Amino acid sequence: MSRYRLQPTPAQEAALLEHCGHARFGWNLSVEQHEHWKPGRKSAPGFAEQCRQLTEARAENEWLRAGSIIVQQQALKDFAQAMSNFFAGTHRRPSWRKRGQGEGFRIVAVKPGDVRRLSRNVGEIKIPKVGLVRFRWSRAVPQGVKSFRITRDRAGRWHVAFAAVPEPIPASGTGETVGVDRGVAVSAALSTGQMLNVPGLRGTEKARLLRLLRKLARAERGSNRRGKVKAAIARLKARETDRRKDWVEKTGTGLARRFDVIAVEDLKISGMTRSARGTIAEPGRNVRQKAGLNRGILAAGWGRLVERLEHKAPGRIVKINPAYTSQRCSACGVVDRKARESQPTSGADPADTPAMPT
């Protein structure tokens with residue numbers, strides 16, 4: 001999706017928050033209905049039945065009737081699609097949505113006049129029962145968009161994302177092939193010898209984050225002071241996330257333009273980042289070290305990099321078996337479990353540079 005920074009007025013922001021609350025209510029009610037189902041009971045209501053129930057609920061509740069039926073029905077439709085994806089085995093089961101986390105709603109059937117440009121850097125979009133809301137026109141809006149999604153992150157920033165299938169980046173035609181080894185100390189090591197790292201928080205920002213976390217631990221739950229500290233932490237975290245996403249986009253675009261074939265390890269990241277805490281009866285070992293490794297893997301953007309590469313260069317991504325890739329020499333192909341302990345004359349560890357696919 002093409003995402004843009006939304007700039008609502010205080011009154012518009014209140015209306016947007018109300019839409020988010022209605023969408024969250026419809027989604028959570030659907031989750032509750034499906035969790036109530038057990039073998040032998042009548043199946044949970046589908047989208048059509050839920051729409052009829054929504055009509056009855058709007059007639060009985062003024063707060064629900066004051067909202068947009070487009071937003072409320074679309075939340076039910078999104079949940080139905082999420083359940084279809086779950087049964088197809090492509091996504092996890094839909095879970096509860098919490099206030100302040102993942103806030104947003106979707107609008108469909110967008111008309112050509114609903115999105116327009118006002119000046120070089122300012123545009124506006126029409127949202128039901130909110131009106132025309134301005135957003136930053138940072139780049140061209142995709143043509144022929146049929147839907148968009150409004151979201152609010154933990155830092156309090158609003159965004160609008162237009163659903164559109166981007167054009168893939170054409171291959172360079174040079175026949176060049178590259179292998180990409182994802183790591184923690186080095187985010188992406190190319191078979192060309194180039195080392196790429198995700199930019200994280202600076203030293204002063206890390207120190208400020210540590211002070212804020214200590215202040216959060218001392219703040220009383222439910223107090224205004226705790227809310228302000230949490231907002232400050234969220235802004236720092238959002239800054240780190242933005243830098244990681246920006247790095248992934250630029251790195252993915254550069255690789256798609258330079259090389260015809262890109263080889264990556266077929267890593268199971270969800271399993272690699274699983275907690276090592278264990279159970280009370282059988283507690284895990286090196287739990288703190290494993291937690292630090294998990295944070296490092298997630299901060300390096302392993303999964304998002306490959307996902308964006310598949311979008312930018314479809315059909316040109318080769319996933320290889322990761323077995324022994326850290327022990328195989330990229331120059332001669334010899335597998336040696338002590339390869340990382342060797343000191344080659346070139347000064348670079350052959351196990352740290354991925355081999356190009358053959």
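Atoms considered below: every heavy atom in the structure, side chains included; atoms not considered: hydrogens, waters and symmetry mates. Owing to the predicted nature of the structure, the values given are computational and were not obtained by experimental measurement.
- Among residues two or more places apart in sequence or in another chain, the ring pair (Phe, Tyr, Trp, His ring centres under 6.0 Å) test is passed with Trp247 by none.
- If you chain together ILVMFWY residues whose side-chain heavy atoms come under 4.5 Å of each other, Val122 ends up grouped with Leu118.
- The side-chain heavy atoms of Arg149 and Asp78, taken from C-beta on, include a pair separated by under 4.5 Å.
- Dense packing is recorded around CD of Glu62, with more than 12 heavy atoms of other residues, nucleotides or ligands lying under 6.0 Å away.
- In terms of the ring pair (Phe, Tyr, Trp, His ring centres under 6.0 Å) criterion, residue partners of Phe105 (sequence neighbours excluded) are, by chain and number, His19.
- Both Ile70 and Val145 are part of a single hydrophobic cluster, where members link through side-chain heavy atoms under 4.5 Å apart.
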Checking Val71 against Ile107 for the side-chain contact (heavy atoms from CB on, under 4.5 Å) test, could you report, in this order, the C-alpha distance in whole Å, the side-chain angles of both residues, the deciding distance, and whether it holds? CA-CA 6 Å; Val71 173; Ile107 301 295; 3.7 Å; yes
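- For Leu29, the side-chain contact (heavy atoms from CB on, under 4.5 Å) partners are Phe25, Glu32, not counting sequence neighbours.
- The neighbour count for Asn121 CG, taken as heavy atoms of other residues, nucleotides or ligands under 6.0 Å away, is above 12.
- Judged by distance alone, with hydrogens and angles left aside, the side-chain atoms of Arg235 form no donor-acceptor pair with the main-chain N or O of Ala238 at under 3.5 Å.
- Closest of all the heavy-atom pairs between Ala75 and Ala23 is CB-O, 3.6 Å.
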Dump the intermediate steps for side-chain contact (heavy atoms from CB on, under 4.5 Å) on Arg106 and Ser147, then the final yes or no. CA-CA 7 Å; Arg106 195 155 68 96; Ser147 65; 3.9 Å; yes
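- Partners of Val287 according to the side-chain contact (heavy atoms from CB on, under 4.5 Å) rule, which considers only residues two or more places apart in sequence or in another chain, are Arg277.
- By the criterion of side-chain heavy atoms lying less than 4.5 angstrom apart, applied directly or through intervening Ile, Leu, Val, Met, Phe, Trp or Tyr residues, Phe47 is grouped together with Leu64 in one hydrophobic cluster.
- Taking the side-chain hydrogen bond (donor to acceptor under 3.5 Å, both in side chains) definition, one finds that Arg243 meets it with Glu205, sequence neighbours left out.
- Two residues are said to be in side-chain contact when any heavy atoms from C-beta on lie closer than 4.5 Å; Leu196 and Val180 fail this criterion.
- The backbone N or O of Gly100 sits less than 3.5 Å from a side-chain atom of Glu103, completing a donor-acceptor pair.
- The closest side-chain heavy-atom distance from Ile297 to Val184 is below 4.5 Å.
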Would you list the atom pairs, donor with acceptor, under 3.5 Å between side chains in residues 209-223 and any protein atom, with sequence neighbours excluded?
{"residue": "Ser223", "atom": "OG", "partner": "Glu220", "partner atom": "O", "Å": "2.6"}
{"residue": "Ser223", "atom": "OG", "partner": "Arg226", "partner atom": "N", "Å": "3.2"}

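- In terms of the side-chain hydrogen bond (donor to acceptor under 3.5 Å, both in side chains) criterion, Asn61 has no residue partners (sequence neighbours excluded).
- Between Ala234 and Arg154, the closest heavy-atom pair is CB-O, 3.5 Å.
- Here the closest non-hydrogen pair linking Lys129 and Arg65 is NZ-O, 3.8 Å.
- The shortest heavy-atom contact between Leu54 and Leu76 is CD2-CD1, 4.1 Å.
- A donor atom on one side chain and an acceptor atom on the other are not found under 3.5 Å apart for Glu49 and Gln33.
- Remark: the backbone N or O of Ala300 is not paired with any side-chain donor or acceptor of Ser187 at under 3.5 angstrom.
- The side-chain hydrogen bond (donor to acceptor under 3.5 Å, both in side chains) search around Arg308 returns Glu249, His311, not counting sequence neighbours.
- For Ser95, the side-chain contact (heavy atoms from CB on, under 4.5 Å) test picks out no residue, with sequence neighbours left out.
- Annotation for Lys206: atom NZ does not count as buried by contact number, only 12 or fewer foreign heavy atoms lying within 6.0 Å.
- Looking at residues two or more places apart in sequence or on another chain, you find a ring pair (Phe, Tyr, Trp, His ring centres under 6.0 Å) between His22 and Trp63.
- Rounded to the nearest 0.5 angstrom, Glu60 CD and Glu56 CD are separated by 7.0 Å.
- Between Val178 and Arg258 there is no side-chain heavy-atom pair separated by less than 4.5 Å.
- Contacts of Glu35 classified as side-chain contact (heavy atoms from CB on, under 4.5 Å), with partners at least two apart in sequence or in another chain: Val31, Trp96.
- Around CZ of Arg257, the count of heavy atoms belonging to other residues, nucleotides or ligands within 6.0 Å does not exceed 12.
- Leu132 is not connected to Ile150 by any chain of hydrophobic side-chain contacts under 4.5 Å among Ile, Leu, Val, Met, Phe, Trp and Tyr, and they are in different clusters.
- A donor and an acceptor atom, one from each side chain of Ser172 and Asp260, are located under 3.5 Å apart.
- Residues Val186 and Asn197 form a side-chain contact, since some pair of their non-hydrogen atoms from C-beta on lies under 4.5 Å apart.
- Contact of the Leu16 side chain with the Leu6 side chain is registered, since non-hydrogen atoms from C-beta on lie closer than 4.5 Å.
- Atom CZ of Arg225 sits in a crowded spot, with more than 12 heavy atoms from other residues, nucleotides or ligands closer than 6.0 Å.
- Distance CG/Asp246 to OG1/Thr251: 8.5 Å, rounded to 0.5 Å.
- Closest non-hydrogen pair, Val130 versus Ala15, comes out as CG2-CB, 3.8 Å.
- For the pair Arg139 and Tyr4, the distance from NZ or CZ to the six-membered ring centre is under 6.0 Å and the angle to the ring normal is within 45 degrees.
- Scanning all heavy atoms of the two residues, the minimum distance from Ala256 to Lys312 falls at CB-CB, 4.2 Å.
- In this structure, Arg304 and Arg244 have side chains that are not in contact, with every pair of non-hydrogen atoms separated by 4.5 Å or more.
- Surrounding CZ of Arg157 are more than 12 heavy atoms belonging to other residues, nucleotides or ligands, all under 6.0 Å away.
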Check against side-chain contact (heavy atoms from CB on, under 4.5 Å), Phe259 and Thr192: CA-CA 11 Å; Phe259 304 100; Thr192 59; 4.1 Å; yes
